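Below is one structure, written out as structure tokens; comments come after it.
Since this is a predicted model, take the numbers as computed values, not measurements. Numbers for residues simply follow the sequence, beginning at 1.
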Amino acid sequence: MRKRVAVIHGPNLNMLGKREIGIYGGKSMEDINNDLYAEAKKLGIELECYQSNVEGEIVTFIQQCRGRADGIVLNAGAYTHYSIALRDAISAAEVPTVEVHISNVYKRESFRHVSVLAPVCIGQICGFGPYSYILGLHAVLEHKVNP
Ligand code: DQA
């Protein structure tokens with residue numbers, strides 16, 4: 001059976017390509033999704049990309065991944081830094097999840113240095129621009145329960 005991975009973009013990531021280009025670059029979310037779909041084709045996996053600005057909608061989407069997805073690549077945007085609801089959804093879904101960020105959050109404001117999601121994720125990738133998502137896709141596919 002082909003592996004299934006969900007990529008989730010959180011709030012304001014639909015504004016990529018227009019928003020703070022000096023930090024996030026000129027690629028739109030659609031460009032990033034197209035690169036991800038091309039990579040998924042090469043890897044022979046099924047991919048679904050989802051975006052919402054609404055915390056509860058992302059919670060619902062993560063819940064729906066339970067039993068359906070083999071992995072999640074999640075850029076939760078600003079929710080990363082304070083959403084216990086997203087953290088609980090990741091725990092409840094029991095789907096291996098990789099946290100990704102376009103920017104290197106550790107070079108930025110101190111409030112971005114905290115991730116409430118990281119403890120329930122396999123790991124975190126940040127600072128590689130849109131390529132963080134491609135790295136996240138490979139990372140979640142390579143993940144072994146007991147490495
Ligand atoms: C981000 C980093 C977050 O701190 C910020 O709120 C975002 C984007 C990133 O991809 O670098 O919206 O997740």
Side-chain angles (χ1 to χ4, degrees), residues 1-16 19-20 23-25 27-37 39-40 42-147:
M1 256 251 296
R2 297 209 300 170
K3 287 209 169 175
R4 284 176 297 193
V5 174
V7 172
I8 304 174
H9 305 277
N12 298 307
L13 293 164
N14 56 319
M15 297 292 286
L16 289 174
R19 164 195 189 206
E20 298 181 275
I23 296 173
Y24 299 115
K27 272 197 177 186
S28 66
M29 186 183 73
E30 288 72 24
D31 294 333
I32 291 173
N33 288 347
N34 287 338
D35 290 346
L36 284 164
Y37 283 122
E39 193 69 14
K42 277 197 240 160
L43 293 165
I45 62 154
E46 277 179 41
L47 188 76
E48 182 180 359
C49 295
Y50 173 82
Q51 192 275 332
S52 176
N53 293 319
V54 181
E55 186 180 19
E57 287 179 2
I58 302 170
V59 167
T60 301
F61 186 85
I62 292 172
Q63 289 176 1
Q64 287 166 350
C65 287
R66 189 184 160 96
R68 280 199 322 128
D70 300 297
I72 296 173
V73 176
L74 171 64
N75 185 349
Y79 290 144
T80 305
H81 312 302
Y82 66 91
S83 175
I84 307 301
L86 285 191
R87 177 185 167 131
D88 287 350
I90 296 165
S91 295
E94 295 181 350
V95 179
T97 299
V98 174
E99 176 186 334
V100 301
H101 300 284
I102 295 168
S103 63
N104 181 348
V105 286
Y106 300 101
K107 281 187 176 173
R108 301 181 63 194
E109 303 95 326
S110 57
F111 62 83
R112 296 185 205 277
H113 301 178
V114 175
S115 167
V116 298
L117 310 182
V120 295
C121 290
I122 308 166
Q124 186 193 60
I125 296 168
C126 75
F128 295 93
Y131 193 60
S132 293
Y133 287 92
I134 301 282
L135 291 171
L137 182 59
H138 283 264
V140 82
L141 289 170
E142 286 299 319
H143 168 68
K144 308 272 184 306
V145 177
N146 293 306

| field | T80 and E99 side chains, donor-acceptor separation under 3.5 Å | value | no
| note | Between P119 and S115 the two heavy atoms that sit nearest each other are CD-O, 3.7 Å
| If you measure from CD on Q124 to NE2 on H101, what distance do you get to the nearest 0.5 Å? | 5.0 Å
| request: Could you tell me which non-hydrogen atom of Q51 sits nearest to which non-hydrogen atom of N53, and how far apart they are? | output: NE2-OD1, 2.9 Å
| Is any side-chain heavy atom of L86 less than 4.5 Å from a side-chain heavy atom of I62? | yes
| query | Between atom CG of N34 and atom CD1 of I32, what is the distance when rounded to the nearest 0.5 Å? | reply | 10.5 Å
| query | Closest heavy-atom contact between H81 and V116? | reply | O-CG1, 3.9 Å
Report all side-chain donor-acceptor pairs from residues 90-97 shorter than 3.5 Å, counting only partners two or more places apart or in another chain.
residue	atom	partner	partner atom	Å
S91	OG	R87	O	3.4
T97	OG1	V95	O	2.8

| query | Closest heavy-atom contact between Y24 and S103? | reply | CE2-OG, 4.0 Å
| message | Can you tell me how the ring of H113 sits relative to the ring of Y106, calling it parallel under 30°, perpendicular over 60° and tilted otherwise? | response | tilted
Listed pairs under 3.5 Å, donor-acceptor, residues 4-13 side chains, sequence neighbours left out:
residue	atom	partner	partner atom	Å
R4	NE	R68	O	2.9
R4	NH2	R68	O	3.1
H9	ND1	Y133	OH	3.0
H9	NE2	N33	OD1	2.8

| Distance from I84 atom CD1 to E55 atom CD, nearest 0.5 Å? | 9.5 Å
| query | Which heavy-atom pair separates I102 from P130 by the least distance, and what is that distance? | reply | CG2-N, 4.1 Å
| At what distance, to the nearest 0.5 angstrom, does NZ of K27 lie from OH of Y131? | 11.0 Å
| request: Evaluate the side-chain proximity of L43 to H138: yes if any heavy-atom separation is below 4.5 Å, no if none is. | output: yes
| request: To the nearest 0.5 angstrom, please state how far the CD atom of E39 sits from the CG atom of L135. | output: 9.5 Å
| message | Are V98 and H143 packed together at the side-chain level, in the sense that at least one heavy-atom pair is separated by less than 4.5 angstrom? | response | no
| message | If you define the side chain from C-beta out and look only at heavy atoms, does anything of L74 sit under 4.5 Å from V100? | response | no
| query | Given side chains that start at C-beta, do those of L47 and L137 come closer than 4.5 Å, heavy atoms only? | reply | yes
| Should the heavy atoms of other residues, nucleotides or ligands under 6.0 Å from CD of E142 be counted, would the total exceed 12? | no
| said: Counting only heavy atoms not in Y50 (residues, nucleotides, ligands), do more than 12 fall under 6.0 Å from its OH? | reply: yes
| Would a distance-only check, ignoring hydrogens and angles, find a side-chain to backbone donor-acceptor pair under 3.5 Å from S132 to C126? | no
| note | Nearest heavy-atom contact between A139 and I125 is CB-CD1, 4.0 Å
